[in-house]
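Inspection log for the structure reproduced underneath, given as structure tokens.
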Protein chains: 2
Amino acid sequence: MGKLPKISDAEWEVMKVLWERAPQSANEIVEALAARQWSPATVRTLITRLVQKGALSFEKAGREYLYLPVVTREEGIRQERRSFLRRVYDGAVEPMLAGLLDEEDLSAEELEALHRLLDEKRKGQR
Amino acid sequence: MGKLPKISDAEWEVMKVLWERAPQSANEIVEALAARQWSPATVRTLITRLVQKGALSFEKAGREYLYLPVVTREEGIRQERRSFLRRVYDGAVEPMLAGLLDEEDLSAEELEALHRLLDEKRKGQR
DNA sequence: CCTCATGGTTTACGTCTGTAAAACCCAAGA
DNA sequence: TCTTGGGTTTTACAGACGTAAACCATGAGG
């Protein structure tokens, strides 16, 4: 499979909607994005571009299209993370985690959850 | 102080050079970015834009300028992380960490280091 | 003092993005 | 069958970005 298409900020919103539930019609997507206060036309543009980029596909259903993701959520996220890591830390993971723990205010619960996750991971690897 | 300027991908390369060492002349920056194979003109454009955005400033030194960062590395990184988190996880930190632990292959050492960091943090918070 | 190189400033240009309206097409109701 | 409303496709347009050449001003060397 070729390289993933680059998905812009606004386009991500559309992808998120379809990762949540798919397939959906353009109208449903517009609906789901009501919070953004975008003109329906705008949302349609985003959808079209995503189709062109190959991030979405669609199936005809009567007179309207139902759109569905081609790029999976995991792929999308991975790509974003990679791009972030490359840009900021030249790809290194650990300093990123360090900086994050240091800078973001994590609640005790989050720290706990993370601790468990980490233990899990360490156990698995050993 | 107002909001940080949005620094583009290519511009980040320039910032990194100056975070490493500052102030530096345009030529030195071009030099430092030799690996990118950019035309000197291109680098100058990036510098100019960064100055316009307020991410860099400069001091005159004879006929040339010495550029230096206004935005600190920490600010820059934080902004990137925030933008990444918002885009992908709607701002939630923990799922990001989870996904990261899951997807990226961390070495035993990295996991250890992370564990220590986390303990530190948990202690501090309690 | 004058010329020229060198560094800064302006201009260029195609693509991508955010934002949206205009045009078009066709199925369903009159 | 004709009209029309609702979708889809096209067109628009300003600003950011990557990439870079053209132009201009001035300090340094002759």
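Labels below follow one simple rule: chain letters A, B, ... track the order of the sequence lines, proteins then strands, and each chain is numbered from 1. Computed over heavy atoms, backbone and side chain alike; hydrogens, waters and symmetry mates excluded. Just so it is clear, the model here is predicted, and its values are computed rather than measured.
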Original post:
Does a side-chain heavy-atom distance below 4.5 Å link A:Thr42 with A:Ser39?
Top reply: yes
**OP:** Please determine if a side-chain N or O atom of B:Thr48 lies less than 4.0 Å away from the OP1 or OP2 oxygen of C:dG8.
**Re:** no
Original post:
In whole angstrom, what separates A:Glu13's CD from C:dG18's P?
Top reply: 10 Å
Subject >> Integer-rounded Å distance: D:dA25 C1' and B:Glu64 CD >> reply: 15 Å
**OP:** Determine the interplanar angle of the A:Phe84 and A:Tyr89 rings, folded into 0 to 90°, and report it as parallel if under 30°, tilted if 30 to 60°, perpendicular if over 60°.
**Re:** perpendicular
**OP:** May I ask you to decide if A:Glu74's main-chain N or O and A:Trp19's side chain share a donor-acceptor pair within less than 3.5 Å?
**Re:** no
Subject >> Any A:Asn27 side-chain nitrogen or oxygen under 4.0 Å from OP1 or OP2 of D:dG6 >> reply: no
Original post:
For the pair made of NZ in B:Lys60 and C1' in D:dT26, what is the distance, rounded to whole Å?
Top reply: 11 Å
Subject >> Criterion salt bridge (charged side-chain N to carboxylate O under 4.0 Å, His left out) on A:Arg122 and A:Asp119, from CA distance to verdict >> reply: CA-CA 5 Å; A:Arg122 290 199 308 165; A:Asp119 265 6; 3.2 Å; yes
Subject >> Presence of salt bridge, B:Arg87 and A:Glu13, under 4.0 angstrom >> reply: no
Please tabulate, one pair per line, each protein N/O and nucleotide N/O from nucleotides 28-30 of chain D that are separated by under 3.5 Å, including the distance.
residue: D:dA28; atom: OP1; partner: B:Arg63; partner atom: NH1; Å: 3.2

**OP:** Calculate the interatomic distance between A:Leu33 atom CG and C:dG18 atom C1'; express it in whole Å.
**Re:** 14 Å
Subject >> Separation of B:Leu33 CG from B:Arg36 CZ (nearest 0.5 Å) >> reply: 7.5 Å
Original post:
Which nucleotide in the list D:dG18, C:dG8, D:dT8 gets nearest to the side chain of B:Asp9?
Top reply: D:dG18
Would you mind writing out the side-chain donor-acceptor pairs for residues 53-67 of chain A within the sub-3.5 Å range, not counting sequence neighbours?
residue: A:Lys53; atom: NZ; partner: A:Lys6; partner atom: O; Å: 2.8
residue: A:Lys53; atom: NZ; partner: A:Glu11; partner atom: OE1; Å: 2.7
residue: A:Lys53; atom: NZ; partner: A:Glu11; partner atom: OE2; Å: 3.2

Original post:
Distance from A:Leu18 atom CG to A:Lys16 atom NZ, nearest 0.5 Å?
Top reply: 13.0 Å
Subject >> Rounded distance in Å - CD (A:Gln52) to P (D:dT10) >> reply: 9 Å
Original post:
So, the side chain of A:Gln79 versus the backbone of A:Gly76: is there a donor-acceptor pair under 3.5 Å, distance only?
Top reply: no
**OP:** Output yes when at least one side-chain N/O atom of A:Lys53 is less than 4.0 Å from OP1 or OP2 of C:dT17, else no.
**Re:** yes
**OP:** Provide, to the nearest angstrom, the distance between the CZ atom belonging to B:Arg44 and the P atom belonging to C:dT11.
**Re:** 18 Å
**OP:** Quickly work out the B:Ile47 CD1 to D:dA20 P distance and round it to whole Å.
**Re:** 15 Å
Original post:
Are OP1 or OP2 of C:dT15 and a side-chain N or O of A:Lys6 less than 4.0 angstrom apart?
Top reply: no
Original post:
Are the side chains of A:Leu97 and B:Leu117 in touch, meaning some heavy atoms are under 4.5 Å apart?
Top reply: no
Subject >> B:Glu109 side, atom CD; B:Leu114 side, atom CG - distance, nearest 0.5 Å >> reply: 13.0 Å
**OP:** Answer yes or no: is there a side-chain heavy-atom contact under 4.5 Å between A:Arg73 and A:Ile77?
**Re:** yes
Write out a two-atom table: protein N or O, nucleotide N or O from nucleotides 19-23 of chain C, distance below 3.5 Å.
residue: C:dT19; atom: OP2; partner: A:Trp38; partner atom: NE1; Å: 2.8
residue: C:dT19; atom: O4; partner: A:Arg49; partner atom: NH2; Å: 3.1
residue: C:dA20; atom: OP2; partner: A:Ser39; partner atom: N; Å: 3.4
residue: C:dA20; atom: OP2; partner: A:Thr42; partner atom: OG1; Å: 3.1
residue: C:dA20; atom: N7; partner: A:Thr45; partner atom: OG1; Å: 3.0
residue: C:dA20; atom: N6; partner: A:Thr45; partner atom: OG1; Å: 2.6

Original post:
Any sub-3.5 Å donor-acceptor pair from A:Thr48's side-chain atoms to A:Arg44's backbone N or O?
Top reply: yes
Original post:
Taking five pairs at each end, how big is the angle between the two axes of the helix from C:dC1-D:dG30 to C:dA30-D:dT1, to 10°?
Top reply: 30°
Original post:
What is the distance, rounded to the nearest whole Å, between atom CD of A:Glu28 and atom P of D:dG6?
Top reply: 16 Å
Original post:
Considering only heavy atoms, which members of residues 78-89 of chain A lie under 4.0 Å from some atom of DNA chain C?
Top reply: none
**OP:** Could you name each residue pair satisfying side-chain hydrogen bond (donor to acceptor under 3.5 Å, both in side chains) that touches residues 92-105 of chain B, not counting sequence neighbours?
**Re:** A:Arg81-B:Glu104, A:Arg82-B:Glu104
